[in-house]
Amino acid sequence: MARLGVLLMAVFISAIALEQSFVNAKFSKSIFFNSGGNSMSAILGDGDDLQLVLDRMAGSRIQSKRDFLFGSIEMLIKLVPGNSAGVVTAYYLSSSNWTIHDEIDFEFLGNASGQPYIIHTNIYTQGIGNKEQQFYPWFDPTDDYHNYTIHWNPTEIVWYVDSLPIRVFRNYEKEGIAYPSQQAMRVYSSLWDADNWATCGGLLKTNWTNAPFIARFRQFRPKACLWVGPISTSQCANNTDPANWWTSPVYQQLGYAQLGQLKWVQDNYMVYDYCKDFKRFNGQMGPECSKPQF
Ligand SMILES: *[C@@H]1O[C@H](CO)[C@@H](O)[C@H](O)[C@H]1NC(C)=O
Ligand SMILES: *[C@@H]1O[C@H](CO)[C@@H](O)[C@H](O)[C@H]1NC(C)=O
Ligand SMILES: *[C@@H]1O[C@H](CO)[C@@H](O)[C@H](O)[C@H]1NC(C)=O
Ligand SMILES: *[C@@H]1O[C@H](CO)[C@@H](O)[C@H](O)[C@H]1NC(C)=O
Ligand SMILES: *[C@@H]1O[C@H](CO)[C@@H](O)[C@H](O)[C@H]1NC(C)=O
């Protein structure tokens with residue numbers, strides 16, 4: 001009976017923890033627009049849909065009201081259709097202190113009609129970025145909503161696209177390699193003009209006759225640990241707390257089937273890997289590049 005009680009208690013606590021992050025998950029409750037953004041950007045329907053708009057006058061950015069440390073951040077996104085060359089849609093987690101900046105990025109680099117988008121990923125740890133990996137999507141990201149999820153726990157970060165892992169960044173903090181584990185991050189999304197670099201290295205420019213450009217977002221779900229101050233660094237990483245599902249052993253390393261999926265994506269759709277760009281780094285590759293990646 002006592003055991004059952006403990007079990008029920010655990011289920012109850014998990015339910016509360018999940019509820020905390022599900023409640024107010026709707027855009028209307030959980031995000032705000034940064035000022036100066038495009039006035040056509042809006043939350044739609046019952047609050048679970050959002051459009052970000054870019055025209056010659058302005059782009060747009062939203063950010064979550066709450067800060068998180070570990071968990072999964074899920075968003076369905078339908079990218080700008082047609083000629084989106086020069087236009088970048090970003091969806092990322094970012095800390096607030098620039099000197100020790102942590103960031104986990106998805107960025108979608110637009111293209112001419114019929115040409116492939118690039119799914120650009122990056123991570124900043126303690127102020128240092130330069131860890132890009134890029135992929136072509138294996139689907140048309142403008143025809144419908146697709147699921148872009150960042151899974152972040154004390155052991156590893158996994159970028160998922162429609163539940164297929166495309167990238168992993170493991171925690172090698174014990175070996176002196178920085179990892180985002182000490183600071184809260186907030187969720188951001190933006191739509192902006194980056195035609196100086198985004199498409200074909202900046203050669204293809206934004207064609208403003210196609211404006212306004214519209215990216216659509218749906219079902220933002222932060223199933224994550226809410227940051228309540230510095231004590232969260234131990235609370236959110238506490239692997240004996242049953243509410244912290246992200247610390248459970250199944251999330252410490254990809255399983256066999258997931259490794260197969262990751263390999264399929266990386267073998268067939270990877271466009272760029274910073275760990276293979278010896279020229280750019282003059283042979284001085286990041287220390288994590290010589291560690292097991294998955
Ligand atoms: C940012 O981090 C640095 C280095 O830890 C620290 O000295 C500084 O006070 C922090 N700034 C803010 C605004 O918290
Ligand atoms: C999105 O992907 C994540 C990671 O695979 C998954 O847990 C979640 O259920 C998916 N959400 C939807 C709405 O498909
Ligand atoms: C755009 O299309 C060109 C030609 O197919 C391709 O080389 C490039 O990688 C695509 N994506 C971007 C973002 O430039
Ligand atoms: C921009 O788009 C318009 C409308 O699709 C098209 O007529 C025009 O040729 C495009 N301009 C350039 C420079 O590609
Ligand atoms: C971790 O969680 C367990 C179970 O909820 C709790 O008893 C323990 O005090 C927590 N430890 C820390 C450091 O928060």
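We count ligands from 1, going down the list as the structure has it; atoms in each ligand are counted the same way. Positions are given from 1 along the sequence.
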Between W152 and P180, is there a donor-acceptor pair closer than 3.5 Å when you use the side chain of the first and the backbone of the second? yes
Which atom pairs, donor and acceptor, lie under 3.5 Å between side-chain atoms of residues 213-220 and protein residues at least two apart or in another chain?
{"residue": "R216", "atom": "NH1", "partner": "Q51", "partner atom": "OE1", "Å": "3.2"}
{"residue": "R218", "atom": "NE", "partner": "D49", "partner atom": "OD2", "Å": "2.8"}
{"residue": "R218", "atom": "NH2", "partner": "D49", "partner atom": "OD2", "Å": "3.2"}

Check each N or O atom of ligand 3 against all protein N or O atoms and list the pairs under 3.5 Å, with atom names and distances to 0.1 Å, one per line.
{"residue": "ligand 3", "atom": "2 (O)", "partner": "N111", "partner atom": "OD1", "Å": "3.4"}
{"residue": "ligand 3", "atom": "2 (O)", "partner": "N111", "partner atom": "ND2", "Å": "2.5"}
{"residue": "ligand 3", "atom": "5 (O)", "partner": "Q115", "partner atom": "OE1", "Å": "2.6"}
{"residue": "ligand 3", "atom": "9 (O)", "partner": "Y136", "partner atom": "OH", "Å": "2.7"}
{"residue": "ligand 3", "atom": "11 (N)", "partner": "N111", "partner atom": "ND2", "Å": "2.7"}
{"residue": "ligand 3", "atom": "11 (N)", "partner": "P116", "partner atom": "O", "Å": "3.1"}
{"residue": "ligand 3", "atom": "14 (O)", "partner": "C200", "partner atom": "N", "Å": "2.8"}

For ligand 5, which atoms sit closer than 4.0 Å to a heavy atom of T240? 1 (C), 2 (O), 3 (C), 4 (C)
So, are K205 and D193 salt-bridged, with charged N and O less than 4.0 Å apart? no
T99 neighbourhood, listing ligand 1 atoms whose heavy-atom distance to it stays under 4.0 Å: 1 (C), 2 (O), 3 (C)
Please list, one pair per line, the donor and acceptor atoms closer than 3.5 Å that link side chains of residues 153-160 to other protein atoms, with sequence neighbours excluded.
{"residue": "N153", "atom": "OD1", "partner": "T155", "partner atom": "N", "Å": "2.7"}
{"residue": "N153", "atom": "OD1", "partner": "E156", "partner atom": "N", "Å": "2.8"}
{"residue": "N153", "atom": "ND2", "partner": "W246", "partner atom": "O", "Å": "3.4"}
{"residue": "N153", "atom": "ND2", "partner": "Y251", "partner atom": "O", "Å": "2.8"}
{"residue": "E156", "atom": "OE1", "partner": "R170", "partner atom": "NH1", "Å": "2.5"}
{"residue": "W159", "atom": "NE1", "partner": "D105", "partner atom": "O", "Å": "3.0"}
{"residue": "Y160", "atom": "OH", "partner": "Q258", "partner atom": "NE2", "Å": "3.4"}

Give a yes-or-no answer on whether the side chains of N130 and Y274 include a donor-acceptor pair shorter than 3.5 Å. no
Compare all side-chain heavy atoms of D162 with those of F139 and state whether any distance is below 4.5 angstrom. yes
Any pair with a residue in residues 85-117 that passes disulfide (SG to SG under 2.5 Å), sequence neighbours left out, goes on the list, sorted by first then second residue, please. none
Counting only nitrogen or oxygen atoms and a 3.5 angstrom limit, does S234 reach ligand 5? no
